There are 2 protein chains.
Amino acid sequence: MSFRVSIADVAREAGVSRQTVSRALNNKGEISDATLQRVLAVIDRLDYRPSTIARGLATRHTRTIGLIVPDIANAFFADISRGADDLAHPAGYSLLLRNTAEDPEREAELLGSLEQRAVDGVLLCSSRLSDECLADLVSRHEAVVLINRTLPGVSSVCVDDFCGAALRVAHLLRSGRRRIGVLSGTRMSHSGSERERGYRESLAEAGLPVDPALIARCAVPDIEGGYAAARGLLEAQPAIDGLICYNDLAATGALRACAELGRRVPDDVAVTGADDILLARLVTPALTTVRADRQAIGAAAARLLLGQLDGSANGCGCQSLVIEPELVIRASAP
Amino acid sequence: MSFRVSIADVAREAGVSRQTVSRALNNKGEISDATLQRVLAVIDRLDYRPSTIARGLATRHTRTIGLIVPDIANAFFADISRGADDLAHPAGYSLLLRNTAEDPEREAELLGSLEQRAVDGVLLCSSRLSDECLADLVSRHEAVVLINRTLPGVSSVCVDDFCGAALRVAHLLRSGRRRIGVLSGTRMSHSGSERERGYRESLAEAGLPVDPALIARCAVPDIEGGYAAARGLLEAQPAIDGLICYNDLAATGALRACAELGRRVPDDVAVTGADDILLARLVTPALTTVRADRQAIGAAAARLLLGQLDGSANGCGCQSLVIEPELVIRASAP
DNA sequence: TTGAAAGCGATACCAG
DNA sequence: CTGGTATCGCTTTCAA
């Protein structure tokens, strides 16, 4: 527990003022090469490291980014945060991680508390707050980038979930399916509403009726939720020959429901998921799904945020990136 | 972008000294109830929040914990970090996340850089640094808890990987397997060496020879690495009737190798994994594996760390927790 | 090119 | 119980 070396120690040891040490540290040029070398040598000898805290107090920024996710244990967000860290770390930024546990109230509290922790900016994933509430909290931060959520005037990176659903519907239609059901997620989230809208509009565009009886909603978009919803839907609508599932987990549940009801996949029912999680290629039959590069999403969001912080995005206001997913065709819907 | 209200503003507005505001903030008692109420009212009215940075400079602690993981995109570490956050957050602590990308050099650099970011303590997962190097870096921090790594004099929470491997070997022996191979991980990690040791000693204890020809090493402990290692091992040693795999991913790769080589699982070869990730129950056949509650590990580690920080662990030096895994029997090794 | 002095926004210590 | 003053470790501003 050695006592910290401070800038004053270095200054004394090198026979210069603290200011000169600071200049050597930040390498701002206004220092002669001779003193620079001398100071650096002392810094090295004493193993001195400037305190981020003190520096933060003086400069008003901390090179820290707040990352708010519903649940880091969810691979979707874990990948995003890995992508964000990979981009932020080389730029000297660290991520302060917060889990909302999918609770909007907690999300609002976290966004507020980050303020006093003095982060330079915030990456916010899949916010479920109302526009008004979100706008208010966002306005308190110097820079914010939303992931899978949009808000006027705020930068964002979103997977084009509308397109992801449309791609799958088109694929099923091409393979001759005509009664396509959907296992939907919550409409409270950006992804949930967009995926359902993609389904509806694609059918309508193809001149097919959008039958509410073909829409089931998963209580929770996981394997169990997908199983229950699929089971109910398939029993009520035996003519269904294709299924658009909210995500790969729900689709996995649907596979089980099909097996139990004796419906062959893909012969009787073609099943499609979304997200292309590890699981998708490992279940039997492997899932046709849509994929967006999640680490790339995290990196893109971090890049936008750093741009705002560096001021290199000056003037261009906010930017919104839309990541187009791609269709991955496997055995469950060839 | 309203200008921040500082403690001075509150003091002026309330007609008291900054010190009194500070006392109201920290509620240390030494303040009359009347002034307390008055100050709190002003704080509320101005929507004042103390700056964590300034506070950190004065108190020398930040209520931030550094969390160093090989890869947050790996479910194992994502779960641990979720568990740690769930415990740390209510106590007012935040997690600063760092990925080492499985690179020991980067790990050392991160441990060093956290120091200047002034975290109060560090949770370090699966360190691959040498004892000397690790001890040196650890000594620079006020408090450190290691996860899946031990070091004399440092608190730790470890899954009993030795036991996890032994449980599986015993299970295979009970079911009549006699030529048991192993897909090992890197010996550089605690888990890697312990799992391999569990395999060796269990065989020896059962009076069976430990044949080096039955040991294959995965270049990377993922599906591809497991596949490659299993393929090589099974081709060289066709008599193998049981397989202890480093983790569930490697075991999943082994399943594919078996399928390609025409070895039936579990009839010809019983396959076991470790960690019980989501995937384990979803592949065909479902994997027999060992499981430890990962969120509980993260929470336990955070609890130890907070104990050290609060001083409530005073005197008792360091503590080491060992989490016993349990055997989960599924179709791949009944 | 260098240094002295004044913050940044809080807490700690000591008087009263 | 309350207030003045020094302090935390660094950057910024202004002179020299």
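Because the structure is predicted, anything quoted here is derived from the model rather than measured. In the text below, chain A, chain B and the rest are named by the order of the sequence lines, each starting its count at 1. All values below were derived from every heavy atom in this structure, side-chain atoms included, with hydrogens, water molecules and symmetry-related copies excluded.
Two residues, B:A58 and B:L36, neighbour DNA chain D, and the one matched to the more 5' nucleotide by heavy-atom proximity is B:L36. Both A:H61 and A:I53 lie close to DNA chain D; mapped to their nearest nucleotides by heavy-atom distance, the more 5′-ward contact belongs to A:I53.
Nearest nucleotide to the side chain of A:S17, out of C:dA4, C:dT11, D:dC10: C:dA4. Checking C:dT2, D:dC10, C:dG9 against every side-chain atom of A:Y48, the shortest atom distance belongs to D:dC10. The side chain of A:S32 has C:dT2 as its nearest neighbour among D:dG3, D:dT11, C:dT2. Set against C:dG3, C:dA5, C:dA10, the side chain of B:A54 has C:dA10 as its closest nucleotide. With C:dT11, C:dA4, C:dA10 as the choices, the nucleotide that has an atom nearest any side-chain atom of A:Q19 turns out to be C:dA4. With C:dG9, C:dG7, D:dT5 as the choices, the nucleotide that has an atom nearest any side-chain atom of B:R18 turns out to be D:dT5. With distances taken from any side-chain atom of B:T35 to the nucleotides C:dG9, D:dT2, C:dT2, the minimum falls on D:dT2. When each of D:dT2, C:dC8, C:dT1 is scored by its nearest atom to the side-chain atoms of B:T20, the top-ranked nucleotide is D:dT2. Nearest to the side-chain atoms of A:I31 among the listed nucleotides D:dC10, C:dG9, C:dT2 stands C:dT2.
Side-chain contact between A:T100 and A:R128 is absent, with no heavy-atom pair separated by less than 4.5 Å. Taking the side chain as every heavy atom from C-beta outward, A:C133 and A:D136 never approach each other to under 4.5 Å.
Looking only at atom types and distance, the side chain of B:T35 has no donor-acceptor partner in the side chain of B:R23 under 3.5 Å away.
The side chain of A:R60 places an N or O atom within less than 4.0 Å of a non-bridging phosphate oxygen (OP1 or OP2) of C:dG9. Contact between the side-chain N/O atoms of A:S22 and the OP1/OP2 oxygens of D:dT11 is found at a separation under 4.0 Å.
Rounded to whole Å, atom P of C:dA4 lies 11 Å from atom CZ of A:R23. Between the CG atom of A:L25 and the P atom of D:dT12 there is a distance of 12 Å, given to the nearest Å.
A:V21 and A:V39 get closest at one heavy-atom pair: CA-CG1, 4.1 Å.
By the neighbour-count criterion of 12 heavy atoms within 6.0 Å, atom CD of B:Q37 is densely surrounded, having more than that number from other residues, nucleotides or ligands.
Among the atoms of the strands shown, none is found under 4.0 Å from any heavy atom of A:V21.
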